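Because only heavy atoms are used, hydrogens play no part in the values below, and waters and symmetry mates are left out as well, while side chains stay in. Every value quoted in this text rests on a predicted model; they were computed, and no experiment measured them. In what follows, chains are A, B, ... by sequence order, proteins preceding strands, each numbered from 1.
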Amino acid sequence: MISSDVIRGYNDTIILFLLLEKDSYGYEISRSIRQITDEAYIIKETTLYSAFNRLEKNQYVRAYSGSETKGKPRTYYQITPAGRAYYSEKCEEWELTKNVINKFIRKDVP
Amino acid sequence: METITQYLETMFRTLPVNTETIRLKEELRANMEDRFDELKTQGKTENEAVGTVITEFGNIDELVRELNLTGEEQPIQDDTLSLETIRGFIAYKNKTGKLVALGVFMILLGVALLLTTSHYWDGTALEDACVLPLLVLLIPAVALFIYSGTLEEPYKDILKGKFTLPDGLRILLTQEYQKCRSHEAKYVISSICLFVASPIVLISVSVLMGEYY
């Protein structure tokens, strides 16, 4: 299980990734994260909603009311152009981070 | 699911009840119930499912921090302005602007009368009385200036720049300011025209009058 400290900077990126192709809502997003990571990352509810709030405040996503199959009204999120731009930036940032950290990682730990 | 609802009630009990917290609670509940159903269909017992759902809830403090749920839109500082105060300030500025303008007008009128009467009364017994119109008009003018000075009192801090403006009000005021700007241009242009016109009038009148003397 990934520690939330490590993943902290990338929660927004993960959510935006899931909104690239289509709009979605809370439960669907957390389920996708679980499935894609094979249960390696199970995002906490509070983390998820903090992220939604942050993304909305920064206008990277737009929230609107929609209804799910069970008829319960849900808040759906849609990525904005600014959100897409931010997502690209974060992807680049990750590539950079990955390359830097990899220089200090040894597969054969003594 | 009763347990989930109760869990949320407990988590939210120290927080204020407003539209934001109610909406958030609903969202979380809907999410948690969907997760609960998913776990049940995977064969978990109710206890196991509820346990997992609650574990996956996380830390309420994170939400409180991020969403600033303690009910304060921003730290309430003593010098945060209300719309009422702002409207009062704008009215004060309008009023003093007009009072001071009136006072200045009176002084200028007094000077104009002094010059006019000195032209006519020169060499007569009323020579020294030329100053009278100015002095007479000076009194109300000064009174106006002093009065507008007293109106300043409640807005001292704003005038010194010691205030905090809530974001919503800042946006509202910026919009209103934009609307005023077009009027501002008209006033400035007309006052400049008057400045230029007055010596022209003076010169043309004195040229005309010169013809009679």
Side-chain angles (χ1 to χ4, degrees), chain A residues 1-12 14-15 18 23-77, chain B residues 1 3-15 18-44 48-71 73-74 167-168 171:
Chain A
M1 247 294 269
I2 287 191
S3 104
S4 48
D5 285 325
V6 172
I7 210 85
R8 181 153 301 147
Y10 287 89
N11 282 316
D12 292 3
I14 290 172
I15 293 170
L18 294 168
D23 302 353
S24 190
Y25 63 100
Y27 172 67
E28 197 175 59
I29 288 177
S30 58
R31 189 182 57 198
S32 303
I33 295 175
R34 252 183 294 118
Q35 286 171 348
I36 291 174
T37 64
D38 240 334
E39 311 265 318
Y41 183 36
I42 302 181
I43 190 168
K44 300 274 195 234
E45 290 291 318
T46 53
T47 310
L48 185 65
Y49 279 90
S50 304
F52 281 148
N53 184 258
R54 218 169 25 242
L55 289 167
E56 223 188 322
K57 253 198 279 192
N58 290 325
Q59 301 189 327
Y60 294 146
V61 300
R62 182 182 78 86
Y64 61 92
S65 277
S67 56
E68 214 267 300
T69 46
K70 288 200 185 129
K72 286 184 241 179
R74 305 287 198 161
T75 308
Y76 274 75
Y77 294 93
Chain B
M1 223 258 118
T3 321
I4 293 176
T5 314
Q6 283 203 351
Y7 177 78
L8 281 170
E9 288 301 319
T10 314
M11 286 291 125
F12 275 71
R13 89 172 165 265
T14 54
L15 299 175
N18 53 47
T19 39
E20 213 189 334
T21 53
I22 291 174
R23 197 199 121 222
L24 186 60
K25 230 192 302 186
E26 271 314 299
E27 285 284 332
L28 288 167
R29 193 163 65 81
N31 260 34
M32 290 165 85
E33 286 186 356
D34 278 347
R35 177 64 175 138
F36 174 79
D37 292 337
E38 187 191 346
L39 289 164
K40 286 289 293 294
T41 54
Q42 286 173 1
K44 302 268 193 298
E48 285 172 338
V50 168
T52 309
V53 164
I54 290 179
T55 314
E56 289 175 7
F57 179 74
N59 186 359
I60 191 75
D61 288 329
E62 188 180 354
L63 264 182
V64 172
R65 256 198 326 265
E66 178 66 44
L67 275 65
N68 209 358
L69 286 178
T70 49
E73 293 258 303
Q74 24 181 122
D167 286 335
I171 293 171

Could you pull out all residues at least two apart from Arg54(A) that satisfy side-chain hydrogen bond (donor to acceptor under 3.5 Å, both in side chains)?
-> Asp12(A), Glu66(B)
side-chain contact (heavy atoms from CB on, under 4.5 Å) partner of Tyr27(A), chosen from Glu38(B), Glu33(B), Glu27(B), Met32(B) = Glu38(B)
With Lys25(B) via side-chain hydrogen bond (donor to acceptor under 3.5 Å, both in side chains) - residues at least two apart | Glu9(B)
Which residues share a side chain to side chain contact (heavy atoms under 4.5 Å, CB included) with Arg8(A), sequence neighbours left out = Ser4(A), Asp5(A)
Are Thr75(A) and Arg23(B) side-chain neighbours, meaning at least one heavy-atom pair lies under 4.5 Å?
-> yes
Chain B neighbours within residues 45-53 of chain A, where any heavy atom lies under 4.5 Å away = Glu45(A), Thr46(A), Thr47(A), Leu48(A), Tyr49(A), Ser50(A), Asn53(A)
To the nearest 0.5 angstrom, please state how far the CG atom of Asn31(B) sits from the CZ atom of Arg74(A).
-> 6.0 Å
